[in-house]
Each structure stands twice: as C-alpha cells, then as structure tokens.
Amino acid sequence: MAEPTTPRAPEETPGYDPSSVERKWQDRWADAHANTTDLAEGDKPFYQLMMFPYPSAEGLHIGNLYAFTGNDIHGRFQRQRGHTVFQPIGYDAFGIHSENYALKVGVHPSELIPRNIENFRRQLHRTGLMVDWSKELSTTDRAYYKWTQWIFLQLYHRGLAYKKRAAVNWCPSCKTVLSNEQVVNGECERCGTRVEQRQLEQWFFRITDYAARLLKNLEGLDWSESTRTAQRNWIGASTGARLSFRVTDDGDSADDIVVFTTRPDTVFGATYLVLAPEHPLVDAITRPEQRDSVNAYRARSAKQDLVARKTSREKTGAFTGATAINPATGSPVPIWIADYVLMEYGTGAIMAVPAHDERDFEFATEFKLPIIRVVAGASDGTDTPLDVADATTDGARLVNSGEFDGLTVSDAAPKIVAWLAGRGGAESVTNFRLHDWCISRQRYWGPPIPIIYCDACGTVPVPEKDLPVELPFVENFRPDDSGISPLARHAEWYHVPCPQCGAAARRETDVSDTFLDSAWYFLRYPSADREDVAFDRALTKRWLPVTSYIGGNEHAVLHLLYSRFVTMVLHDAGLVDFEEPFTKFRAHGLIIREGAKMSKSRGNVVNPDQYIDDWGADTVRTYLMFLGPFEEGGDFRDRSISGVRRLLDRVWSSVHDARTMGNGEEPVLRKLHQTIAKVGDDIARLSYNTAIAAVMEYVNVLRAHERVPHRSEVEPLIQLLAPFAPHIAEELWETLGHTRSVFDSGWPVSDAALAAENTIDLAVQVGGKFRGTITVSRDVTKEAALAAALAEPGIARFTTTEPKKVVFVPGRLLNIVM
RNA sequence: GCCCGGGUGGCGAAAUGGUAGACGCGGAGGCCUUAAAAGCCUCUGGCCGUAAGGCCAUGCGGGUUCGAUACCCGCCCCGGGCACCA
C-alpha cells in the first residue's frame, strides 16, 4: 500500500509563512483587479450577497468574519464552477448606532464614519474576501442616499407613504421614535431603556397593504425555515370575522361597535363587549354617571408604560354605562373598557366570550359578568364555567346557540357569519399583527425625508431633480426632548422656497429609518458607480434577484421583511420585474467562545486582527468554518485552531514534496475522487465543516507514513482547498507552475469509475445485532453474501437455526433473521 | 402559553432508516533528537474479561421496523422567536 518511506530534506522545503503569502496575494489581487466582475460579460451570472456591516469603531467582529467567510467560500466555489460571480460589499453607516457613538466620543459622525470604514476596509482586505471593490458603497454617500430619498418618493407617489399623528414608541435615552421591531420586551433594542408612549406626527409606509402578499410569497421562497417562520409569526395572520354590535342609546347618535373575533361561532356566548381605553367611541358612548370612573381609568392606562401593561395579567377595567345588542341573541350586553384589549390590533374592540376564552373568563370573574357556555365537547354536556380546550376541539359542538345547536365549531363559523351579515352586519376577514412601518426618526444622522411643507400647497414632495436633499453639517447634533429633529435648528437649510408656488416653506426635519437604507442596497450594488439612476434596468435584469444571500437571523423580521416590501412596491411601479429580492437565503449560526456568549463585559471577545496575526487569515477562515455546522454556529476554542493550521502545513509540504513523475496510486486516487465529490456536494449545501473534514481525510491518506505524493494527487487538492484558504491555494498553484489564478482553473471533476471501491466491507447482522463484517466484491449477490457470512465462524456461531428471513441491502449490510 | 432549532465520548462534532462516534482538539504510549520543540506512528465511549469476546450506550418513557441518533406518541432540559393579538 504505502511505498517505502523516502526521507526528505526539510531545508529544501520552504516553510509555510502565512503572513508573507497572504500579503503577496492580497496585493496581487488588488493590482490585477482580480475580483472585479465584468457585469456585462459571462453567461452564468451569480450574485452572492453578504449582509453589509455597520462600520463600528471597534472594527470587524468575529461574527462578521464568520458570515463573510461563509459567503466568500460559496462565492469562490461558484466561480470555480464556472459562474460569473458578483460579490460586493458596502457599509450600513447611517443610523442611531453611529450617531450615539459619535455623541459619546465627541467626534462628528461625518468624521468618525470614514475613519471606521477605512479600518473595516483594511480588515476586509486582510481576510482575503473575493470582493468586487469597484462597487463598494456606503449608505452615507451622497450618491447613495440621493436614491434612498428617491425610493421614499416612489412610495409617496404610490400613496404608500403617509403622515399621521400616532402613539409611538419613544426612547427617552436615544430621544427618538422606535419602530415596533426595535422595541424588545418594552425596551429600546439599542440601549435597553424603557420605552414610553408619545403622540407625534410621523411618516409611515403602508406595509400592511402588502401583508397578505408578503405572507403568501413566503411559501415559494428557498429560505431557511427558521427565517420564514419568524416572518410568518411577525406578519401574524388570523382568520376570523368582523361583527357589528348596535349600541343601545336614548337618542339616535348610536354607532355600531365593530369587533374582530377569530371565533364567530361563539357569538351566542358573548356576554359583554370590551373596548381599548383609547378607542375613539369611548367618549361618545360613556354615560354621564360613569364618566368620572371611565376617565380615571383611561388616564391611568395612558400613563402606564408598555412593560407594566404587557407583563401584568391582572384584569382591570371600567364600565361605560352603555350597552349594545348581541346580534345573535338580541339581548343587551354591557360595554366595558379594559387595557387587555389593544387599540393597535384588530378593531380595538372585542366581544367577550368568557366561557371559552381565558382572558374574558378572568375579567368576567373579576367583575361578576355572566358566563354562558356555547360549545360542548363530544364527551360531555356539562356546564362547567370555562372550557377553553373544548372550544377548540374538532368534535366540539355548539350548544345554547339557537338554530346552530349541534353544529361543529368549524361548520358553524361560516354559517353564523353569513346569518349575521343580514342582521347586525358581519364579514369574514383576515387580520394581521403587522403594523405600518414608521420611518420617521427625530435624529440627525440619516437621509432627510424629502418633503417640504408650504402654507399654500400643503405637503409637497421634493422634485426628483432636486435630490438629494443634502444632510447639512450641523455642529451640535445632539437630540433633545422636544421630539423635533436637530435639523430644525439649521435655519438656512430648514427654510426653503416651495417647489410648487415658490413661497416661503419649510423642510421636513426628520430623517428616515436606517432600515430604509438597507432595504434596497442589493439593488444599488451593480449600479453603484452610476450617477444618473438608482439602478440600471439592464444590469438589474441581468443580476437580480440575488442568487444567494447568507446572513444573520437577527434580521429575519426587520431588514429581510422591509427589503421584500420595497422590492414589491418597485415591482408594482414597473421599475423591477421581480417581486422577491432574494431567491435563496440561508441564516448562519452564531459563534460563541469557549461555551459562553461573547460580550465586551465578559471580556471574551475574539479580536480577528490578533488571530490573523498569529495564525494567518487562511487558518482563521478555515477554522471558523470547521467549528461546527455553518447554519448552527460554533464554539470558538483557542486550543482547537492548531488542527486546521496543521492541515495547511501538511498541504504545503505535500505540494512542495510532490514528485512530478508517475500518475499517482490507485488507492490514493480513489480517495481523491471520492473527496472531490463530497467536498463539492458539501460546499453547495453550506456543510463546510464536513467538507473540511473530507479534505483532512484525504491528506491523511496522501501523507500516510510520510508518503511522498504525486503531482496529480496534490493538484486537485489545491482546488478543493481554495475556497476556504484562498491565499495558500494561489501560492501553491503558482508553485506547481500555473500562471493563472486557481480560481479561474475550474473545479475538479470526480471520476465515478475511479472513485468506486472494488471490494467492500459488508456489515453482517444476526437478528438486527451487528456481528461482524465480510469483505466481498462491490456487486455481490444476496446469496453469495449469505454464503460468505455463514462461512465466517464469528458469525455462524450466532446462526443456530435456519434463517427465517434474510435482509440484504446492496453495498450496506446483510441481516440474517433467525 | 404558542412557534422554530437543539440535546450523541473528556471537548467541538459526524452519520439518504443500515457497522454510532468520521474529522479535529485534548490525553496515553512509542519513533526521531544529546535534549526539547516540531514532525511521524499506535491507542483513546463505558463496564466485564489475561485474551478471544461479550454486555451497555445517541436527554427520559413507550411504539413502529429485520434494523431507530434519525420515523410516530407522551415527557424533560437548553437556545432563539412571538406573546393579554381576541
């Protein structure tokens, strides 16, 4: 098997020195523009997109490096497979994060951000990413945010951007409005401060108009299941009905109260109504004798912060004194207000069915309201006060529900809605949890919203020819408590002639949400160097939608949902001809350190620069990918990194030692062709850790007992390793005399005939228990295998009687059942 | 409470329903060396046994199957998302 050991002279083999190799190839790639994609050429365009980073002052985080490396491997692999790969990078540099940091260190963001970007660029270069630097962008570039404002105008012109006074989430520390997505457990996701409610005039995008489509399209997307689920939950569709309840009133001013319910079948059990305290009809229906207690309750709940309101499950409320008619029973039911009903969801009003809803039951018990059971399980007909489980059972049937008695829950719902439609009023609807997207930020560091207010003309959009509305330099950009953006203090900028009538007018002083910047950057990349358009039509048609997008799941409901929304709007405007921006998305996992989360306070943050200095970028890249399954993340352990470095050392010496004569040996070549097949399959499905393991196995065979390899055995090895460790691959490729890049050398082809084993070790079981293996030819028949197994004493001793049954799986095993 | 992931040696992990633990780290022993480092070789889940070999073992309890880490039912634990959403 192994040929005689040939001693080698170590002094003749130059050792592997990562830093010089990596510097050499980084310089060469840069000088030759090796990674600049000719976007007009190539017949197999492949757009590999990585989530652009926020350029923090701390520099590249190991999590960024993990994500980028995972993208880069996929991109390089696709290039080797013959695709024209476009892999751009940029910086998500606007936003509160940057601005807060600038305030903290007392440096203006316009000075700070370029500095941070410069540092990121340096770090990205030294990790050896195959990035097309000619299309680099930053959301803070004038040439970029001009088009972010243009996107706003597209939404505005389509009636999808509107302004309203609304209760918004206000962070008293960041002194700005937050979107619902930026509020986590009632706290600001950025600084952790408890969020307050405020009433402000805000710009919103009508993403709710797209809720059904955003939900439906999810089905067809090749995305990580976890991401699709997160979006599905966030959009939160519930099917049900809106039912009208006529308010009984002395006069004729009575309005209908419309409730949303997912259980119209339980309407006969609705014994009272509850409105959210902020519900607009509360004033009109409240009876004079109840006014004081209602107002007191409303004042109390308005003051209560979101956390208290959402964590306390205690049921509180106040009676309005009014009643409404249950359209099913015709009986009057009292109308209450309570903060367990949320104004933001549904119609802000519910019909309470205490017999079959836990919350209603608690409330009814607290305030001694009647409880009528209208659903009974198949097994019982009792009148236990609460049975939530029964109400949702398939076999459950209606009781106390007039002509609908005896119907199952699912049969009754549509029938009752149809019946009520002719009475009080009813319609089937799907209700969404998703809210409109508030994009106004009372801050400085963002693209000004391109709107002008004129006393004569009203709200006037800035004409496209006047874009961008430049963000002026404001020395003191610290926000205050007023809820008005610092831009309002810049008089020269703030006062502007109306574009329509020329009269004195004022600019909108809010800037837009950072998530608007990132909701379209993938469209910009191919056209990043174009001044005249946001995105070139032909380039967009050729390169989009994005072929492969890999990023963190923390953006599952923010960035990824907004990007889909903006793309749909542009599609409807006829500006792009696809409605989903990312054909394939994979969420990668998180890196932890020695079993614990990485954090500054723990002091266990991995500094990429340090590790690259110590081990080389190729080792760090490969190690990160070897830690565990890419889509699950991994545990960064300092001790383990040496194993990957050892691999690169062995590949290095294998190539330098390789003999040029001869064609290689059959067992080695067989392993090689098996490895080629496995590595290709594994990279394609992002199973990087097993791909690297396969390369290691091959090197173990190649170098067993210090064996001297043949050139034909090492050449494809370099190509297999190249996506992971690009610098050493280029260097070794050159060592073998190649003059072109290994990344333009193609991907080796696995020869199935060479990869096939002639003989196999067939597992033999007796009664399902493993009893040994027999070495047989690859295409052994069942009979021959059985005979061979029975001839084996170690196996025959377990086969005491005639076999009852013999299970034979060709190539795998033989199971003799006694 | 609901919805996604997970749970396998000392550790990171691998395994289209078919020999559980590939690969790597760590550990033990050996070769080389004056010595060390590096490199190379062998061993390395647990228990019993001198050995041959046997038994146990993929969070727990059942089930399906010739055969289950994988599929089904019922639980427990960890990570993440949603949550007074009617």
Side-chain angles (χ1 to χ4, degrees), chain A residues 5 10 15 184-185 224-234 236-238 240 259-263 266 274 309-315 338-342 344-353 356-360 362-363 431-433 553-554 556-557 587 589-590 592 594-595 597 623 626-629 631-644 646-647 649-650 653 687 689-697 699-700 703-706 761-773 794 797 803-809 811-818:
Chain A
T5 306
V184 178
N185 290 327
S224 292
E225 188 50 42
S226 58
T227 314
R228 295 200 306 169
T229 306
Q231 291 213 351
R232 216 174 281 128
N233 290 344
W234 190 259
S238 335
V259 303
F260 173 74
T261 178
T262 55
R263 299 297 308 276
T266 62
V274 187
R309 187 165 165 174
K310 293 209 168 182
T311 42
S312 162
R313 304 272 148 153
E314 251 169 64
K315 293 296 175 287
D339 63 8
Y340 83 92
V341 174
L342 310 174
E344 319 87 75
Y345 186 76
T347 60
I350 62 156
M351 65 173 202
V353 184
H356 303 294
D357 181 279
E358 221 167 314
R359 296 153 301 179
D360 297 345
E362 284 167 17
F363 191 86
N431 199 65
F432 296 97
R433 209 194 64 96
N553 227 5
E554 68 273 15
V557 293
L590 296 178
I592 57 171
E594 311 282 345
K597 245 184 203 160
Y623 176 59
F626 185 61
L627 291 179
E631 292 179 70
E632 284 166 36
D635 190 356
F636 193 104
R637 287 176 185 264
D638 287 12
R639 264 211 302 219
S640 315
I641 197 168
S642 59
V644 167
R646 226 181 322 264
L647 170 73
D649 283 334
R650 295 181 92 197
S653 65
S687 184
N689 57 331
T690 55
I692 295 163
V695 170
M696 287 173 168
E697 273 189 68
V699 174
N700 287 343
R703 294 299 265 171
H705 297 91
E706 300 191 290
D761 287 339
L762 192 72
V764 181
Q765 296 183 343
V766 179
K769 256 189 190 317
F770 174 72
R771 293 299 180 186
T773 58
R797 50 195 273 256
K804 229 186 272 171
K805 179 177 171 186
V806 177
V807 180
F808 178 64
V809 183
R812 300 233 74 129
L813 66 36
L814 182 76
N815 186 9
I816 306 165
V817 186
M818 304 310 292

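Order of the sequence lines fixes the chain letters, A, B, ..., with proteins taken first and strands second; residue numbering starts at 1 for each chain. As a basis for the values below, the full set of heavy atoms in this structure was taken, side chains included, without hydrogen atoms, waters or symmetry mates. All values reported here derive from a predicted model rather than from experimental measurement.
Look at B:rC40: its Watson-Crick or wobble partner, with both distances under 3.5 angstrom, is B:rG30.
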Any N/O pairs under 3.5 Å between the protein and nucleotides 24-31 of chain B? List them or say none.
unit_1, atom_1, unit_2, atom_2, d
B:rG24, OP1, A:N700, ND2, 3.1
B:rC25, OP1, A:R646, NE, 3.1
B:rC25, OP1, A:R646, NH2, 2.6

Under 3.5 Å, which protein N or O atoms sit close to an N or O of nucleotides 1-8 of chain B? Give each pair with its distance.
none

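No donor-acceptor contact under 3.5 Å links the side chain of A:E706 to the base of B:rG39. Judged by distance alone with a 3.5 Å cut-off, a donor-acceptor contact links the side chain of A:K315 to the base of B:rC84.
OP1 or OP2 of B:rA14 lies within a sub-4.0 Å distance of a side-chain N or O belonging to A:N689.
Taking atom OH of residue A:Y340 and atom C1' of nucleotide B:rA83, one finds them 16 Å apart after rounding to whole Å. The nearest whole Å value for the distance from the NZ atom in A:K769 to the C1' atom in B:rU65 is 16 Å. One atom, CG of A:L627, and another, P of B:rC23, lie 18 Å apart when rounded to the nearest Å. The separation between A:R771 atom CZ and B:rU19 atom P is 16 Å, rounded to whole Å. The separation between A:L762 atom CG and B:rG67 atom P is 18 Å, rounded to whole Å. Rounded to whole Å, atom C1' of B:rA83 lies 10 Å from atom CZ of A:R359. Rounded to an integer number of Å, the gap from A:R703 CZ to B:rC23 C1' is 19 Å. Nucleotide B:rG67 holds its C1' atom 13 Å from the CZ atom of A:F770, rounded to whole Å.
B:rA68 and B:rA57 are spaced 12 Å apart, taking the P atom of each and rounding to whole Å. Straight-line distance between the P atoms of B:rC32 and B:rA51: roughly 28 Å, to the nearest whole Å. Nucleotides B:rA22 and B:rG67 have their P atoms positioned 26 Å apart, rounded to a whole Å.
Note on ring orientation: taking the six-membered ring where Trp is involved, the planes of A:F363 and A:Y340 are tilted (angle from 30° to 60°).
Comparing B:rC66, B:rU16, B:rA14 by their closest approach to the side chain of A:R812 singles out B:rU16. Side-chain proximity of A:A693 to the nucleotides B:rA86, B:rA22, B:rU19 is greatest for B:rA22. Across B:rU19, B:rC82, B:rA15, the shortest atom-to-atom separation from the side chain of A:T690 is found for B:rA15. Here B:rG12 is the nucleotide among B:rG12, B:rC66, B:rC85 with the atom lying nearest to any side-chain atom of A:R637.
Using a 4.0 Å cut-off between charged side-chain N and carboxylate O, A:E362 and A:R359 make no salt bridge.
How far CG of A:L762 is from CG of A:L813: 6.5 Å, rounded to the nearest 0.5 Å. Atom CZ in A:R228 sits 12.5 Å away from atom CG in A:N233 (nearest 0.5 Å).
Around CG of A:L590, the count of heavy atoms belonging to other residues, nucleotides or ligands within 6.0 Å does not exceed 12.
Heavy-atom nearest nucleotides on RNA chain B were determined for A:F432 and for A:A763, and the one closer to the 5' end corresponds to A:A763.
Among A:I641, A:V695, A:T690, A:I692, the one residue that satisfies the side chain to side chain contact (heavy atoms under 4.5 Å, CB included) test with A:F626 is A:I692.
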